[in-house]
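Letters A, B, ... are given to chains in the order of the sequence lines, protein chains preceding strands, and every chain is numbered from 1. Bear in mind that the values here come from a model prediction, so they are computed numbers and not experimental data. Both backbone and side-chain heavy atoms feed into the values below; hydrogens, waters and symmetry mates do not.
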Amino acid sequence: MALCHPTNIEDYILNAIAIKHNDQIIDLQTAAEMGFEGEQIHLDNSPESLEVLRHSTAHLMAQAIKSLYKDAEFYVGPVVKEGFYYDFKTSETVGEADLKNIEKEMLSFAKKKYEIEKYEISMDEAKEKFKNDHLKLSVMERIPGDRVSIYKQGEFEDLCRGPHLPNIGLIRYFKLTKVAGAYLGGDSKNEVLTRIYGIAFADKEALKAYLDQMAEAEKRDHRKLGNEMKLFTFREEVGAGFPIWLPAGGRLRARLESLLFKAHRKRGYEPVRGPEMLRSDLWKTSGHYQNYGENMYFTNIDEIEFGVKPMNCVGHIKVYEEDLHSYRDLPLKYFEYGVVHRHEMTGALHGLFRVREFTQDDAHIFCTADQIEEQIIEVVDFVDKIMSTFEFDYKMMISTKPEKAVGDDKVWEISTNALKNAMDKNKLPYEIDEGGGAFYGPKIDIKITDAIGREWQCGTIQLDFNLPQRFELEYNGEGNEKIQPVMIHRAILGSFERFIGILTEHYAGEFPMFIAPTQVAIVPVAESHKDYAKELSDKLIDIGADSEIFAKNDSLNKRVRTAEKTRVPMIVVIGDEEIQNKTVAIRDRRSREQYNLSQEDFLKLIQTKINEVNF
RNA sequence: GCCGACAUAGCUCAGUUGGCUAGAGCAGCUGAUUUGUAAUCAGCAGGCCCGGGGUUCGAAUCCUCGUGUCGGCACCA
């Protein structure tokens, strides 16, 4: 297919902005010189088109920045999942308020409709050209070969491999979204550059849809909803990263805990509990003192140093040590809603997603090497049961042996294969994170995506050969020989804090009946109906449901509205009619319907809804 | 920890270039009203303007040091 060389912007919109050749996006500048033919890419919102558009928008932004900040030097400006960014440096401070100015400048450049030209020069020439930009020079250090391409639009030139739009006039619908600091090369030892993020689309509608979607996501932010629904709070005087659970959050959490408790008992786990602080000597034995001490909190009691636990393994090991064990006893499974403290860096704290004190649904399985696979399968199954109950999309990653590791290769191979087999047998997809395992063993991480697309690790399943060895754990084998057990460290929700945060965003606060802080809102029509409301409320408690009576001295409409705003799953209105007929008038939030039920059927319905979920 | 921004009533937010007694809506309290499915009316109360220090005749407002929060980066056993 021949390529046209349009003479005005409108023609570009009609014609291709780039072509796709052997799955590679080739811009017109490159195609013109190389004569490639291929599938046309038009300016639309396809991934290929957006890739080109956003890359060029990043350049346009750099052009605007250069024009506003004369001493600006530029590092890299790639296209990423959520748009694009450019890292740069200037002597002036760039804040959020400056984004509008930069956008304005970008638009005024775009109006000039500069052609984006491409030419190649030798590396030496490039180094001469960018000799005043030490950031660009450091980019060049990493480029192999001795020729580089330069893209030029108006006076602005940038070292770049492309692909780019043919003309900057095509860039119209974009927005600079955030300004941030970022370490050069992603390494905290390096200097900090200014990074501006932006987004661009082919048309106005797509940009608007994107911005609306972001605004929607913001509404379901668990920090906002947690505040509105009074689930939890943080207070400056209490300290950063230490959540306070309010009654509504406490009820929700208690429901989750009790469901999960039963689920563990069904699978043969025994509840145990270790102390909150253990002597530092134990942390030295486990290796945490040496390797992770800077993330732990320590205190002295009678001149003996104690470490507040950052995990529950050691406590469970002490449970294991309390008895002699036979191979016949294994697997042994201990679980605990273990409160742990970790010194997270201030900048890492984020609502309930990242805190300094949290409760893990933690368990340790002590088993024989032969049992690893079946135990993994059981845990993966457990995870899937819970994730599918909540309709979560989740992703699993198997992390393999890292550089720094303990245990011999053979054991690593067996355990890594055990993880892979378990996944394959369940036909569960997974990704491999090569070398991303813990130093004591490979692991499977379960990641859930939040309302704005960020991935958060929740559950984890880790094979541990290190701690059993360090603590010299053993059991008696068939021939009465001493054998070292294998330890599987696992958490399914990960932590109640993070999981409830994600649940809140997932349901936008509209929790399903079985987990909701309050199951039913009761609205008596008039004062004379309050007794019946109380009666109903008591009956609900008897079947394990929480309710709230809205009997304030307000209009009925107002109280229905208030009840609705609490996001309670079901509202029942009761008045003379209901009392006389022993019925309730139901308003179901999910189905948006109103209907009547006899009191008996209503209670049965609630009971069914609460009990229909088991993990 | 790093870069940038922010912190005013329980909540959401006004508060001009430093200058009157720091305001509003919602929530709360009191009264009237007793309501049939998303806001009844009236009144009242509510503030160490995040904390310490400074500049100034005068600071919610300017400077400084903390604390906390937000957006990223780095970190996340």
In whole Å, what is the span from the CG atom of Asp554(A) to the P atom of rU37(B)?
16 Å

With a 4.0 Å cut-off on heavy atoms, is Gln457(A) in touch with a base, just the backbone sugar-phosphate, or nothing at all?
nothing

Exercise: identify the closest heavy-atom pair between Gly501(A) and Leu352(A):
N-CD1, 4.2 Å

Please tell me which of the listed nucleotides, rC76(B), rG72(B), rC50(B), lies nearest to the side chain of Lys178(A)?
rG72(B)

Nucleotide nearest Lys565(A) (side chain, heavy atoms from C-beta), chosen from rA38(B), rC75(B), rG36(B):
rA38(B)

So what does Asp576(A) hit on the nucleic acid, given a heavy-atom distance under 4.0 Å: a base, only sugar-phosphate, or nothing?
base

From C-beta outward on Thr93(A), which listed nucleotide comes closest to its side chain: rA5(B), rU35(B), rA77(B)?
rA5(B)

Verify the contact: side-chain N or O of Tyr197(A) to OP1 or OP2 of rC73(B), cut-off strictly under 4.0 Å; return yes or no.
yes

Taking for each residue the nucleotide of RNA chain B bearing the nearest heavy atom, is the 5' side occupied by Gly575(A) or by Asn553(A)?
Asn553(A)

Just call it for Ser528(A): base, sugar-phosphate, or nothing, with non-hydrogen atoms closer than 4.0 Å on any strand.
nothing

Assess whether one donor atom and one acceptor atom, taken from the side chain of Glu578(A) and the base of rG36(B), lie less than 3.5 Å apart.
yes

Using atom CG of Asn557(A) as one end and atom P of rU34(B) as the other, report the distance to the nearest whole Å.
16 Å

In Watson-Crick or G-U wobble terms, both distances under 3.5 Å, what is the partner of rC41(B)?
rG31(B)

Roughly how far apart, to the nearest Å, are rG28(B) and rG68(B) at atom C1'?
27 Å

Tell me: CZ of Phe358(A) to P of rC76(B), nearest whole Å?
14 Å

Closest-nucleotide mapping onto RNA chain B: is Ala182(A) or Ile574(A) further toward the 5' terminus? I mean the 5' end.
Ile574(A)

With a 4.0 Å limit, can you tell me whether Lys558(A) has a side-chain N or O closer than that to the phosphate oxygens OP1/OP2 of rA27(B)?
yes

Would you mind telling me which of Phe358(A), Phe392(A), Tyr337(A), Phe353(A) makes a ring pair (Phe, Tyr, Trp, His ring centres under 6.0 Å) with Phe499(A)?
Phe392(A)

Between rU37(B), rC73(B), rA5(B), which one does the side chain of Glu96(A) approach most closely?
rA5(B)

At 4.0 Å (heavy atoms only), tell me whether Thr194(A) reaches a base, stays on the sugar-phosphate, or touches nothing.
nothing

base_contact_polar (rG72(B) base, Tyr183(A) side chain, donor-acceptor, <3.5 Å)
no

Expressed as a whole number of angstroms, how long is the span from Glu564(A):CD to rG36(B):P?
18 Å

Within the 4.0 Å heavy-atom criterion, would you say Val523(A) contacts the bases, only the backbone, or no part of the nucleic acid?
nothing

Rounded to whole angstrom units, what separation is found between the NZ atom of Lys100(A) and the C1' atom of rG4(B)?
16 Å

Tell me the interatomic distance from Ile244(A), atom CD1, to rG10(B), atom P, rounded to whole angstroms.
15 Å

Per atom distances to the Ser555(A) side chain, the nearest of rA39(B), rG71(B), rU37(B) is rA39(B)

Mind checking Ala97(A) for me? I need base, sugar-phosphate or nothing, with any heavy atom below 4.0 Å counting as a touch.
nothing

Between the side chains of Arg470(A) and Ser286(A), does any donor sit under 3.5 Å from an acceptor?
no

Without hydrogens or angle criteria, can the side chains of Ser537(A) and Ser547(A) be said to hold a donor-acceptor pair below 3.5 Å?
yes

Tightest non-hydrogen contact, residues Gln360(A) and Met311(A), listed as OE1-CA, 4.3 Å

Is any side-chain nitrogen or oxygen of His350(A) closer than 4.0 Å to OP1 or OP2 of rG71(B)?
yes

Have a look at Val192(A) and say if it touches a base, only the backbone sugar-phosphate, or nothing, with a 4.0 Å heavy-atom cut-off.
sugar-phosphate

Hey, is the side chain of Ser188(A) poking within less than 4.0 Å of OP1 or OP2 on rA74(B), counting only N and O atoms?
no

In the strands shown, is rA9(B) matched to any nucleotide by a Watson-Crick or G-U wobble pair with both distances under 3.5 Å, and which?
none

Contact class for Gly186(A) vs. all strands (heavy atom < 4.0 Å): base, sugar-phosphate, or nothing?
sugar-phosphate

Base-pairing mate for rC49(B) - Watson-Crick or G-U, with both contacts under 3.5 Å:
none

Using the P atom on both, measure rG46(B) against rA22(B) and round to a whole Å.
13 Å

Would you say the base of rC50(B) and the side-chain of Arg235(A) have a donor-acceptor pair closer than 3.5 Å?
no

For Lys552(A), which contact category applies under a 4.0 Å heavy-atom criterion: base, sugar-phosphate, or nothing?
sugar-phosphate

Which of these, Gln462(A), Gln375(A), His364(A), Lys443(A), sits in a side-chain contact (heavy atoms from CB on, under 4.5 Å) with Ile488(A)?
Gln375(A)

Should rU61(B) form a Watson-Crick or G-U wobble pair with both distances under 3.5 Å, which nucleotide is its partner?
none

Establish, for the pair Arg54(A) and Phe84(A), whether the NZ or CZ atom is under 6.0 angstrom from the six-membered ring centre and no further than 45 degrees off its axis.
no

rG4(B) pairs with which nucleotide, Watson-Crick or G-U wobble, both distances below 3.5 Å?
rC70(B)

Selection from rC73(B), rU37(B), rC75(B) that lies nearest to any side-chain heavy atom of Arg195(A):
rC73(B)

Closest non-hydrogen atom pair, Met106(A) against Ala64(A):
CG-CB, 3.5 Å

Any donor-acceptor pair under 3.5 Å between the side chain of Arg587(A) and the base of rA38(B)?
yes

With a 4.0 Å cutoff (strictly under), does any side-chain N or O of Arg561(A) reach OP1 or OP2 of rU37(B)?
no

Separation of rU35(B) P from Phe550(A) CZ (nearest whole Å)
21 Å

Rounded to whole Å, please give me the gap between CZ in Arg356(A) and P in rC76(B).
16 Å

Just to verify, which of Arg587(A), Arg559(A), Arg589(A) counts as forming a side chain to side chain donor-acceptor pair (under 3.5 Å) with Glu564(A)?
Arg587(A)

